[in-house]
Amino acid sequence: MASFFQSRRAPKELSVFLYFFLCLISFQQISSQSSPPFACDVVANSSLANFPFCNTSLGISDRVSDLVKRLTLQEKITNLVNAAGAVSRLGIPKYEWWSEALHGVSNVGPGTHFSNVVPGATSFPQVILTAASFNTSLFEAIGKVVSTEARAMYNVGLAGLTYWSPNVNIFRDPRWGRGQETPGEDPVLSSKYGSFYVTGLQKSDDPDENKLKVAACCKHYTAYDLDNWKGIERYTFNAIVTKQDMSDTFQPPFKSCVIDGNVASVMCSYNQVNGTPTCADPDLLKGVIRGEWKLNGYIVTDCDSINEYFYHQHYTKTPEEAAAIALLAGLDLNCGDFLGKHTEAAVKAGLVNESSINTAVTNNFATLMRLGFFDGNPKKQLYGNLGPKDVCTPENQELARDAARQGIVLLKNSAGSLPLSPTSIKNLAVIGPNGNVTKTMIGNYEGIPCKYTTPLQGLAASVSTTFLPGCSDVSCSAAQIDDAQQLAASADATVLIMGSDQSIERESLDRINILLPGQQQQLILAVANVSKGPVILVIMSGGGMDVTFAKNDDKISSILWVGFPGEAGGAAIADVIFGYYNPSGRLPITWYPQSYVNEVPMTNMNMRPDPATGYPGRSYRFYTGETVYSFGDGLSYSKLGHELIKVPPKQLLIPLSEDHICRSSECKSIDTCQDLSFDIKLKVKNLGETSGTHTILLFSSPPSIHNSAQKHLLGFEKVHLVGKGETFVRFKVDVCEDMSLVDEVGNRKIALGEHVLHIGDLKHSLSLRI
């Protein structure tokens, strides 16, 4: 998402000056602001009570219909943009639609601010680490806290009600700078994350299920996962995507957002898909989002998307045509001012009629109605009691710490290494450019956190520590190897905290390689060579790193991946290192070797391998090459035992009508399936003494037809076990949904033949027949 405050093509000096000037004005305004924007203030203006759109006893459709009929064309057009204009004669104030809440209330968008009234909000781990918890109840719990803090800030005039989060794009390529914002590479995990986080954000305590606490937005629709790679930019990139990959990889998270999460908005992306800008594609917008999935809400552009496809993709000849095709495609709201400038001329030219504009503003106003924006003073409504006291509560901050703990992934652990004993360690060496960082921990699309606990602070709370950055920053152009070796040689144990930050991977910056930056590797090896105690390598990053050297080096006893762990990241890292918390995170992405990115261009969108060209494919589902670490990898301080208690059948028959074509000819797959399911009951036993939470993943390997995946995730569960304890886990498998696959033209089918189910080391073969 591009910032309004800084145009990409404006002179840098002017942009910076303008940004700080606007920020100064904004700060002066918000420091004294205390009232939220809302319509239908019948106390201040009793005449508004005569308008049906202010009558809360009427249904939303009737209220919106009444409102839209009262608006002039120009007033409607001012409500097609994120900085929606006021309609003073009807008691409607201006409203800023753009706020962000990716992993906490953020001040990235112009709709949200911090001040002395609310100086910060709870900053949870960046999404990629939260996804590594594989815990749907956590996803929803975080969303609930974020929406409570958002409502509290709205009540004091510091925030809006519409949040353009989450990002549910598939983390297709390890170089993508925005992969950190996503739930990873798997469509099932991404779908679950999106729908549960959306539910946490939106679910209202109002008995009317159509009401919203805040309105979420799933982005960036669709097949968007390249920002700026070797000069190829998202603004003009044409993603060539097969129907098969679209249907089984890129679309499922958005479909789940809409159908399972009932999300209030979907944001279309900058890129083209197969030659058409997504924000101008009627098949993708009207056809799929509204037609097939039945979105109850509005469709918004990424910021300046229409501007981009007119001026830089040259998709239309005139700006009026660009505005018209967006509205005709099903767009409702423009982040930017393009529709504000060119829609009226498009109407006068006959390119679009006013009824299309009516449809768009109806969707926008209906969303605001569901939020209570037209119900009068919000302080007298359901969430009117929320305020600054409800932001950064001790419970919210503890959840941020717990979320980081649940996501941290233990990738390597030699005997006698982790957990460290806080009573045995007299002197801990902490070395690395991320050892005492603050802002790095909260990633991008961040707000101002309640407070920080750095890794050094977290570790120092338990043992005596000595710290050396080892590099001036993560780019590590000149490592302090001699000083680092001297420190490590005299310590009982060494923790190396390395990785990346937003200077390496972020929006508008994709990586060229996936190695640790600069001289980090040399620093790690030099320190490990002289250390007398355990050496723990902690990698703080959004994407995966090729750390094959560390994986294979016996002197590096343990490896932890901690993502960007949020405001309490340092405390969570210490909790895992000292054994206060038993790690249970699993990688939500494949960690590839550097050779992969040397050979595979980021612009190749194909998920499936191509033996004819040697293209190895993408993600654990299709990639055929060697990995550094695989999707789902993650160790614990305990060993688990799995035993099938209720075994699935070895064969399932799919009923077909007598005249079905597959009764008279051999079929490898069928498109007919309904009401077919089975249960798996599993006994999980903690074979160790250490209590902890554990992640159970269920995979399936389908028959090798239709270029099917090698295996794919069916489901996951999170369980807590005391030492030597056991529990039971149940998976209900919907054969028609969970075990289906997509054929070459994008149609979902049931593959006939042998499917192999995987849970840990257990495997079970199941044959689907007719």
Scan side-chain atoms only and decide if Thr693 and Gln406 contain a donor-acceptor pair under the 3.5 Å cut-off. no
Rounded to the nearest 0.5 Å, what's the gap from CG on Asp283 to OG1 on Thr276? Could you check? 8.0 Å
With salt bridge (Lys or Arg N to Asp or Glu O under 4.0 Å) as the test, pick out the partner of Asp248 among Lys255, Lys243, Arg608. Arg608
Sub-4.5 Å side-chain heavy-atom contact between Asp302 and Trp164: no
His764 and Leu762, any side-chain heavy atoms less than 4.5 Å apart: no
Look at atom NZ of Lys213 and say whether more than 12 heavy atoms of other residues, nucleotides or ligands are closer to it than 6.0 Å. yes
Just so I know, are the side chains of His694 and Val684 near enough to count as touching, which here means a heavy-atom distance under 4.5 Å? no
From Asp186, Asp225, Asp245, residue fulfilling salt bridge (Lys or Arg N to Asp or Glu O under 4.0 Å) relative to Arg172: Asp225
Is it the case that the side chain of Thr278 and the backbone of Thr222 share a donor-acceptor pair, with hydrogens and angles ignored and the cut-off at 3.5 Å? no
Shortest non-hydrogen contact from Val258 toward Lys294: CG1-C, 4.3 Å
Can Tyr221 and Gln251 be counted as having a side-chain donor-acceptor contact under 3.5 angstrom? yes
Is there a donor-acceptor contact under 3.5 Å linking the side chains of Gln180 and Glu505? no
Of Arg506, Arg178, Glu181, His103, which meets side chain to side chain donor-acceptor pair (under 3.5 Å) against Asn444? Glu181
Any idea how Tyr224 and His220 line up, ring-wise: parallel (<30°), tilted (30 to 60°), or perpendicular (>60°)? perpendicular
Just wondering, do Ile128 and Trp561 contact through their side chains at under 4.5 Å, heavy atoms? yes
Candidate list Arg748, His706, Lys749, test side chain to side chain donor-acceptor pair (under 3.5 Å), partner Asp743, passing option: Lys749
What I'd like to find out is whether the side chain of Trp591 reaches to under 4.5 Å of the side chain of Thr627, using heavy atoms alone. no
CD of Glu744: more than 12 outside heavy atoms within 6.0 angstrom? yes
Is there side-chain contact between Cys335 and Thr301, with at least one heavy-atom pair below 4.5 Å? yes
Should the ring pair Phe631 and Tyr620 be called parallel, tilted or perpendicular, given that the plane angle runs from 0 to 90° and is split at 30 and 60? parallel
When you check the side-chain N and O atoms of Asp260 and Ser256, is any donor under 3.5 Å from an acceptor? yes
Are any non-hydrogen side-chain atoms of Leu757 and Ile680 less than 4.5 angstrom apart? yes
Can you tell me if CD on Gln651 sees more than 12 non-hydrogen neighbours from other groups inside 6.0 Å? yes
With no hydrogens and no angle check, just 3.5 Å: does a side-chain donor-acceptor pair link Lys718 and Ser133? no
Distance check, rounded to the nearest 0.5 Å: Asn238 atom CG versus Asn274 atom CG? 6.5 Å
Does the plane of the ring in Phe716 sit parallel, tilted or perpendicular to the ring in Phe134? Use 30° and 60° as the thresholds. perpendicular
For a quick check under 3.5 Å, do Glu446 and Ser123 share a side-chain donor-acceptor pair by atom type? no
